[in-house]
Amino acid sequence: MRFFAALLLLFFFAPLAHPQARRLPTDQTAIDAGRQIYLGSCSGCHGATGEGSQGPSLLSGRASRLSNQALFSAIKNGLPGTTMPNFPMADDKVASVTAFVRSLTTPAIANRAPGDAARGEALFFGAARCAGCHRIRGKGGHPGPDLSDMGVERTLHQLREAIVKPGERIAEGFRAASATLTNGTRVTGVAKNHNNYSVQILDKSGRLHLLRREDWTALSVEDRSIMPPLADATQADDLVAFLSRQSLRPYAAAGASQ
Amino acid sequence: MKQQWMIITIAAAAAGTLAAQVTPEAIVKSPGAEWLTYHGDYAATRHSPLTQITPANARSMVAKWVFHVEGAKKLEGSPIVHGGLMYISNTNALYALDARSGRKVWYYRAAGAQGTRVNRGVAILGDNVYFATADCHLIALNRMTGNLVFDTEFALFAGGYTTSIAPLAIRNGILVGVAGGGSGQRGFVASIHSTTGKENWRFWTVPGKGEPGWETWGGFPAEMGGAPTWTTGSYDPALNLIYWPTGNPWPDFYGGRRPGDNLYSDSIVALDADTGKLKWYFQFTPHDVWDWDANENPVLIDAVFRGKPRKLLMQANRNGFYYILDRVTGEYLHAKPFVKKLDWTTGLDDKGRPKIVESKIPTPAGTKVCPSVRGASNWMSPSYNPATRLFYVVTLEQCDIIVASAKEPVPASGFRGTGNEGIPTEPGKFYLRALDVLTGDIKWEYPMPGPGIMWAGTVSTAGGVVFSGDDDGNLVAVDARTGKDLWHFSTGQSLFASPVTYMVDGKQYVTIATASDIFTFGLFE
């Protein structure tokens with residue numbers, strides 16, 4: 001009897017364990033196909049890049065933490081009790097959409113960026129002047145964050161946001177700072193750290209100023225980045241493509257340790 | 001000269017901006033106000049010229065700041081201090097702190113680095129700081145920004161290699177070593193160019209087939225030999241010789257498959273700093289079956305020995321003997337036990353070779369041996385004060401039961417020829433001991449009651465105070481001449497690191513890493 005009950009349960013729940021959800025497509029064609037479906041069916045509620053609008057963001061919060069299986073199921077069957085409807089598509093299409101949504105929160109290097117990486121590299125070290133403040137593998141300037149491993153540490157979406165809207169999220173340790181010292185000297189750069197008793201400012205020449213309360217007469221640490229936004233969408237795409245390839249170690253090795 | 005240099009450094013630090021690059025010459029003079037290598041000095045005496053804290057005022061020391069290292073479970077590093085910044089490492093991570101306030105200035109995490117082994121510290125040279133990840137990458141970062149300069153893989157994690165080494169900067173080379181004595185990798189010391197990240201040279205501590213010393217392994221594969229290089233060596237700039245300590249042969253507790261002395265395990269190898277060529281070696285425990293790595297610090301001291309000025313090398317070895325060698329030639333000069341629990345040998349011959357007590361060779365049934373596998377001392381740092389002529393070393397009085405197995409060894413499988421267990425009725429006891437530097441006689445000792453788990457070492461100061469961690473989580477200050485305790489502070493954590501001392505803005509500080517935090521002390525003001 002127990003055996004039959006177990007068989008029945010197995011029969012009943014087996015269809016829910018979509019085999020395709022366990023192994024999502026990794027080829028770019030399928031992910032691009034998923035993107036097209038997403039733009040047509042999902043972006044109205046979740047935003048063009050998963051940032052959320054009427055529906056929740058897919059980049060953070062509960063949606064970003066769903067397992068592949070749960071995400072697949074939510075797309076195919078909907079979420080009862082919420083406004084998320086079901087999308088009765090063939091499983092391979094659901095898997096493509098699932099793979100695309102996953103790509104929004106996986107490291108940039110694991111995905112194909114739409115821009116041209118070679119043009120992005122030329123921009124980075126040339127016209128866009130990124131290398132005036134940032135470094136990649138020892139090449140570039142100060143005092144911005146080192147970008148040598150950005151393809152692993154950020155998603156494509158995060159890279160793009162950081163380029164086109166740098167003020168929206170300030171990396172800790174990179175707030176615009178200026179101090180007037182007791183001898184009248186002015187120090188400007190980014191505050192690596194600060195509190196009521198000390199501030200550590202890194203200036204544009206890469207010099208670090210370790211200041212204590214008695215060292216300054218005026219101090220300003222602002223809730224803004226000193227990085228200017230980039231307006232040109234094509235250039236942003238190209239830079240994202242270039243940065244998405246920056247990894248200090250083979251990506252597979254990085255993935256293995258996570 | 002040292003005094004003058006100190007004043008210049010202090011003035012630069014007081015200006016609030018970071019001082020100049022670290023030159024090889026500055027490292028030769030370290031420690032002054034700053035602490036520029038893992039040991040503080042190339043000679044590994046860990047003796048600071050700072051005199052502000054003395055036996056008279058040490059009791060007024062207070063905590064100045066504490067920095068919590070997120071996620072740390074077992075910090076084992078000695079910090080480096082330069083230009084007002086303190087550099088500390090944890091597994092696959094490096095922090096730069098304001099040395100006066102403990103405020104974090106920058107942080108580097110090696111994303112994707114594998115392995116969880118502890119990390120013992122940092123090297124500094126030029127505008128770079130260097131540390132090694134657990135998966136054997138040497139990472140060079142800009143000392144002010146933490147930006148990456150290079151990332152060089154020097155051994156394959158996939159091949160079983162891992163490391164905990166604090167690198168050592170010598171001229172244009174950053175020296176690294178590896179673990180592997182307990183897992184069957186072939187040890188080596190490598191010098192990596194300080195600006196290009198390219199390898200200058202590599203010395204294998206197990207000779208390859210047909211090379212001198214290969215015959216001491218009875219055909220056992222060199223690739224599995226062990227003789228790891230997991231602690232930081234010392235350096236004599238005048239002789240241009242590096243003294244690097246090596247660890248045990250593998251498998252640790254069964255020697256039947258590796259008949260012979262197993263060179264260069266459990267040795268000091270003296271290497272030419274420019275080429276890595278072997279100048280001489282001295283092996284403390286030939287054909288080791290007790291896991292007595294010789295990875296204790298090789299301390300370089302110049303002294304008149306038996307009426308003749310000599311360049312000496314001292315080591316308080318894990319096997320229980322305090323050794324004195326001639327560091328020009330490697331000649332054995334003297335040895336004396338520095339623990340009472342020592343029963344594996346009836347003594348050393350006139351070349352320093354031990355006469356083994358056959359009944360102390362581990363068997364499958366288990367053999368009681370003294371000292372224990374952890375050793376009479378270990379990698380916890382000793383120090384030496386030239387004014388007292390005393391060598392300060394943390395010692396462990398303990399025996400173990402060691403069990404041997406002739407099972408076929410498989411590298412990186414966890415097999416060590418079987419292992420050791422403590423004797424519940426004879427728990428280990430730690431003592432800080434002061435040895436007469438030229439005889440090894442114990443002049444005083446400071447008992448350190450506790451659970452028997454510490455790995456903390458010492459730092460000596462010209463102020464006449466020795467600082468050490470103890471087995472109960474205290475940083476203690478004792479009188480360098482008498483061993484009288486002057487001050488202690490309970491950190492509430494176990495200690496696995498050796499303290500350092502430095503000066504910024506004219507104030508002397510003492511720092512020790514606890515299990516998960518960095519504690520810094522100074523005089524009350």
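In what follows, every chain begins at residue 1, and chains take the letters A, B, ... in the order their sequences are listed. Worth saying up front: this structure is predicted, and the values here are computed from it rather than measured.
In this structure, chain B has no heavy atom under 4.5 Å from any part of A/Asp203. The part of B/Tyr108 that comes within reach of chain A is its side chain, from C-beta onward, which places non-hydrogen atoms under 4.5 angstrom from that chain. Of the atoms belonging to B/Asp151, it is side-chain heavy atoms, and not backbone ones, that fall under 4.5 Å from chain A. For chain A, the nearby part of B/Ala110 is the side chain; its heavy atoms alone come within less than 4.5 Å.
Put simply, CG on A/Leu210 and CE on B/Met144 are 10.0 Å apart, with the number rounded to the nearest 0.5 Å. For the atom pair CG (A/Asp146) and CG (B/Leu148), the distance works out to 5.5 Å, reported to the nearest 0.5 Å.
Heavy atoms of other residues, nucleotides or ligands lying less than 6.0 angstrom from NZ of B/Lys74 number more than 12. At most 12 non-hydrogen atoms from other residues, nucleotides or ligands lie less than 6.0 angstrom from CZ of A/Arg129. In the displayed structure, A/Arg35 atom CZ is contacted under 6.0 Å by at most 12 heavy atoms of other residues, nucleotides or ligands. Other residues, nucleotides and ligands place no more than 12 heavy atoms under 6.0 Å from the CD atom of B/Glu70.
In summary, B/Asp505 and A/Arg212 engage in a salt bridge, as defined by a charged side-chain N under 4.0 Å from a carboxylate O.
Shortest non-hydrogen contact noted between A/Asp149 and B/Ala111 is OD2-CB, 3.1 Å. Shortest non-hydrogen contact noted between A/Arg249 and B/Ala113 is NH1-CA, 3.5 Å.
At a threshold of 4.5 Å between non-hydrogen side-chain atoms, the residues B/Ser101 and A/Gln200 count as touching. Taking the side chain as every heavy atom from C-beta outward, B/Thr145 and A/Lys192 never approach each other to under 4.5 Å.
Judged by distance alone, the side chain of A/Arg135 and the main-chain N or O of B/Val149 form no donor-acceptor pair under 3.5 Å. B/Arg103 contributes a side-chain N or O that, together with a main-chain N or O of A/His194, makes up a donor-acceptor pair within less than 3.5 Å. Looking at A/Asn193, its side chain never comes within 3.5 Å of a backbone N or O of B/Val105 through a donor-acceptor pair.
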